[in-house]
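Structure record follows, encoded as structure tokens.
Given the structure is predicted, the values throughout are model-derived calculations rather than measurements. Indexing begins at 1, ligand by ligand and atom by atom, following the structure's order.
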Amino acid sequence: MNKICFFDTKPYDKIYFDSLKEKYDIEIEYFEPKLGPKTAFMAKEFEVVVAFVNDTIDKKTIDILYENGTRLIAMRCAGYNNIDFKAAYGKIHVVRVPEYSPYAVAEHAMALLLSLNRKIHKAYIRTRDFNFSLNGLTGFDLHGKTIGVIGTGKIGRVFIDICKGFGMKVIAYDPYPIKNSNIDYVSLEELFKESDLISLHCPLTKDTFHMINEDAIKIMKKGVYIINTSRGALIDSEALLEGLKSEKIGGACLDVYEEESELFYEDMSYVVIHDDILARIISMPNVIVTSHQAFLTKEALHNIAETTLINCRDFFNDKVLENEVCYQCGKGQACLRQKNKRCF
Ligand code: NAD
């Protein structure tokens, strides 16, 4: 039986991976810590390592893994901004789960928006205390509002459909617009200027880092709502905080935060939080923060486990790595994926 090891294990991961591991003839050793330069030694003699969004997969981690025999990092997520691909290239293949449920993430984005706008998070606490007052709970109709969607990939498109179902006017920005779609594409600047609400569905890259910054916020409508279920560093958190304090930003729904890696997914309720920006943002009445949970549905967890185990099985069986990614992918240079079915 082929063996893999698994970092940053949570109980809900185990349920779905354990239910499928026999089907793919794979034995799993689960580790609680996140993968990083200090924990990479734990993967000694494991050819395959399963990792997640907040693991630190930098050059140091990759070098330790490689020296100890690892040849595949199987990301159990779609995003891969936490990997030093240049360091991995030629040494360790990287696979991911490109799609597991765009519905899970898009529905969570709308859940956050509805909760914040209609003050459900406040009302829930009030009525549990038999406080039936409505003061301060006024929201606004989503119907007729303009929402700007940044990134019209798998999740962005599902989110657009949901918004259209609410009777919202949708405008979108994507440097790679879908041809012949009925999506109303505009420039990023126009999107910032025209939108009552903005939802982020693009990957974190050097081009998108801090795309919501002081300059962008300056040209937005007063009272704009910002929804981020993509990656925290798409938003400059200090600029967001200033925007909230000045009331230029009317609300923020955040499933991700740029400095989340040491906090999210853990119970920090007994710990003094040293991140003053996050603490202040969370304290705002017009902010909802969830702990990178947009993916967390039964369907998504099942699909993540299944695709990850298929990726691992294909690696062990020397098959094509359908879901491999490298920093040369699509650039037609060193990446050998089209010719040799693997990136190197
Ligand atoms: P996708 O690859 O299908 O779509 C991404 C889209 O972003 C593409 O259409 C691409 O052209 C576009 N894009 C690229 N650069 C851009 C730019 N500079 N400006 C605007 N758009 C740009 O990806 P997806 O499956 O829709 O996922 C989107 C993002 O959601 C992922 O990158 C990931 O970071 C995030 N995500 C979050 C969770 C969560 O639990 N919160 C779960 C899954 C994915």
| request: Run the numbers on H143 and F166 for ring pair (Phe, Tyr, Trp, His ring centres under 6.0 Å), then give the verdict. | output: CA-CA 6 Å; H143 184 93; F166 275 80; 9.7 Å; no
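Within the 3.5 Å criterion, the main-chain N or O of T127 finds no donor-acceptor partner in the side chain of N131.
Under a 4.0 Å N-O distance rule, the pair E194/K221 does not qualify as a salt bridge. Taking a cutoff of 4.0 Å between a charged side-chain nitrogen and a carboxylate oxygen, D25 and R313 do not qualify as a salt bridge.
F315 is linked by a ring pair (Phe, Tyr, Trp, His ring centres under 6.0 Å) to nothing, counting only residues two or more places apart in sequence or in another chain.
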Give a table of atom pairs where an N or O of ligand 1 lies under 3.5 Å from a protein N or O.
| from | atom 1 | to | atom 2 | distance (Å) |
| --- | --- | --- | --- | --- |
| ligand 1 | 3 (O) | K154 | N | 2.9 |
| ligand 1 | 3 (O) | K154 | NZ | 2.9 |
| ligand 1 | 9 (O) | G153 | N | 3.3 |
| ligand 1 | 9 (O) | D174 | OD2 | 2.6 |
| ligand 1 | 11 (O) | D174 | OD1 | 2.7 |
| ligand 1 | 11 (O) | D174 | OD2 | 3.3 |
| ligand 1 | 26 (O) | K154 | N | 3.3 |
| ligand 1 | 26 (O) | I155 | N | 2.8 |
| ligand 1 | 30 (O) | S230 | OG | 3.3 |
| ligand 1 | 34 (O) | R231 | NH1 | 3.3 |
| ligand 1 | 40 (O) | F295 | N | 3.2 |
| ligand 1 | 41 (N) | T229 | O | 2.9 |
| ligand 1 | 41 (N) | D255 | OD2 | 2.9 |

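The cationic group of K91 lies under 6.0 Å from the six-membered ring centre of Y66 and within 45° of the ring axis, placing it in a cation-pi geometry.
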